[in-house]
Amino acid sequence: MRYDLVIFDNDGVLVDSEPLANRVLAEYLTELGHPTTYEESIRDYMGGAVHRVHDLILERTGRRLPAEFDDTLHSRTFAAFARELRPVKGVTEVLELLASSGVPYCVASSGSHERIRTGHRAAGLTEWFADEVIFSAEDVGRGKPAPDLFLHAARSMGVDPARCVVVEDSPLGVQAAVAAGIDVYAFTAMTPAERLSGAAGFFGEMTELSDFLV
């Protein structure tokens, strides 16, 4: 293997949650008087922590989202996960390869710990990720595109960032990995390669990721 640690983003990389989560977010923002299409939600919020939604809405409109926004958004998102969430096609094969090769891996997500675990349970991935290899933006002061989360994950796993690789699917995540000085391979299933500049490589099917790791 080329790397000593593989750091996975969660939403859109491990669990096929981005279509569900962005549909829920766009509908909720529109309901609150901030008309947002699914495509705009993907463009503006995909890969970011929920505080990014608050920040952009305040910046654009001068209005704050209601105090219950986070709780309501999470509740609606988790309900959608329970009904529809699936693992990203091919990801279990990649995890099996890493496990059989003895290569450590972890997840570093902008989502909360609750969101990550809820998604893993719904998608049947719980067995692959023990608590000690799950890292959230909640654990650091700044989420993506700041490098803090990926550096925290590498440090917690005891691996030099130079020996790590990040697997991402969002512009914010790619920016964070580049800022951390970590190689990043970009999954283009939902985001075109031109929006993921800075990545060391691109792949459109999860099974293709193995070619970059071995």
Side-chain angles (χ1 to χ4, degrees), residues 8-91 107-112 114-125 136-137 143-145 149 167-177 184-199 202-206:
F8 290 97
D9 175 44
N10 189 57
D11 294 293
V13 171
L14 297 175
V15 294
D16 195 16
S17 53
E18 293 292 9
L20 301 178
N22 282 282
R23 184 189 72 205
V24 170
L25 176 57
E27 290 174 352
Y28 187 27
L29 287 174
T30 300
E31 178 185 316
L32 292 173
H34 303 287
T36 304
T37 66
Y38 170 79
E39 292 76 15
E40 289 168 341
S41 182
I42 291 286
R43 181 195 66 200
D44 294 342
Y45 306 118
M46 181 174 160
V50 70
H51 68 76
R52 179 176 175 83
V53 183
H54 289 267
D55 293 345
L56 283 183
I57 291 295
L58 180 61
E59 176 185 317
R60 290 171 174 174
T61 70
R63 295 161 50 198
R64 295 187 182 278
L65 292 168
E68 68 275 12
F69 179 83
D70 290 12
D71 288 343
T72 301
L73 178 64
H74 292 156
S75 176
R76 294 183 182 187
T77 302
F78 295 167
F81 284 2
R83 293 190 305 267
E84 305 175 56
L85 191 62
R86 299 291 184 272
V88 168
K89 183 179 179 181
V91 77
V107 56
S109 171
S110 293
S112 66
E114 182 184 12
R115 178 186 172 118
I116 298 167
R117 288 165 172 80
T118 297
H120 286 187
R121 285 194 297 270
L125 293 179
S136 162
K144 305 169 189 178
L149 177 56
V167 183
E168 264 288 354
D169 72 328
S170 74
L172 294 177
V174 170
Q175 291 171 38
V184 54
Y185 293 113
F187 185 35
T188 59
M190 288 193 64
T191 306
E194 57 264 26
R195 293 196 61 219
L196 300 168
S197 60
F202 305 89
F203 61 103
E205 298 288 341
M206 187 56 65

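Residues: numbered from 1 along the sequence shown.
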inquiry  = Could you measure the distance from the CD1 atom of I57 to the OG1 atom of T36? Nearest 0.5 Å is fine.
reply    = 5.5 Å

query = Who passes side chain to side chain contact (heavy atoms under 4.5 Å, CB included) against T191, sequence neighbours left out?
reply = M46, P171, R195, L196

In a table with atom names and distances, give each donor-acceptor pair under 3.5 Å that connects a side chain of residues 66-73 to protein atoms at least two apart or in another chain.
unit_1: D70; atom_1: OD1; unit_2: H54; atom_2: NE2; d: 2.7
unit_1: T72; atom_1: OG1; unit_2: E68; atom_2: O; d: 3.1

request  = Report the residues that fulfil side-chain hydrogen bond (donor to acceptor under 3.5 Å, both in side chains) with E31, sequence neighbours left out, ordered by chain and then residue number.
outcome  = R76

message = Which residues pass the side-chain hydrogen bond (donor to acceptor under 3.5 Å, both in side chains) test with S41, not counting sequence neighbours?
response = N22

ask   = Does F8 have any ring pair (Phe, Tyr, Trp, His ring centres under 6.0 Å) partners at least two apart in sequence or in another chain, and if so, which?
value = none

query = Does V167 reach the side chain of F203, with side-chain heavy atoms less than 4.5 Å apart?
reply = yes

remark   = Here the pair of heavy atoms bringing L20 nearest to A80 is CD1-O, 4.0 Å

note = Between the CD atom in E18 and the CG atom in L25, the distance rounded to the nearest 0.5 Å is 10.5 Å

ask   = Which residues pass the salt bridge (Lys or Arg N to Asp or Glu O under 4.0 Å) test with E84, sequence neighbours left out?
value = R23

inquiry  = For E40, give me all partners under side-chain hydrogen bond (donor to acceptor under 3.5 Å, both in side chains), at least two apart in sequence or on another chain.
reply    = T37

key: Residue pairs passing the salt bridge (charged side-chain N to carboxylate O under 4.0 Å, His left out) test where at least one lies in residues 41-60, sequence neighbours excluded   = D44-R60

request  = Identify the heavy atoms of P87 and V91 that sit nearest to each other, and give their distance.
outcome  = CB-CG1, 4.2 Å

Nearest atoms (heavy-atom pairs only) where G111 meets S109 = N-OG, 2.9 Å

Sole candidate of R115, H120, R121 that passes side chain to side chain contact (heavy atoms under 4.5 Å, CB included) when paired with T118 = R121

task = Go through the structure and list residues passing salt bridge (Lys or Arg N to Asp or Glu O under 4.0 Å) with D9, not counting sequence neighbours.
result = K144

task = Using the test side chain to side chain contact (heavy atoms under 4.5 Å, CB included), find all partners of A189 that sit at least two apart in sequence or belong to another chain.
result = F187

request  = Search all heavy atoms of S17 against all heavy atoms of G12 and return the closest pair with its distance.
outcome  = OG-N, 3.8 Å

task = Please name the pair of heavy atoms, one in A199 and one in A186, separated by the smallest distance, quoted to 0.1 Å.
result = CB-CB, 3.7 Å

Partner set under side-chain hydrogen bond (donor to acceptor under 3.5 Å, both in side chains) for H74, not counting sequence neighbours = none

request  = Not counting sequence neighbours, which residues clear ring pair (Phe, Tyr, Trp, His ring centres under 6.0 Å) with Y45? List them please.
outcome  = none

query = Could you state the interatomic distance from CG (L65) to CG (L58), rounded to the nearest 0.5 Å?
reply = 8.5 Å

message = To the closest 0.5 Å, what do you measure between CG (D169) and CZ (F202)?
response = 13.0 Å

task = Give the minimum heavy-atom separation between V88 and V15, together with the two atoms involved.
result = CG2-C, 3.7 Å

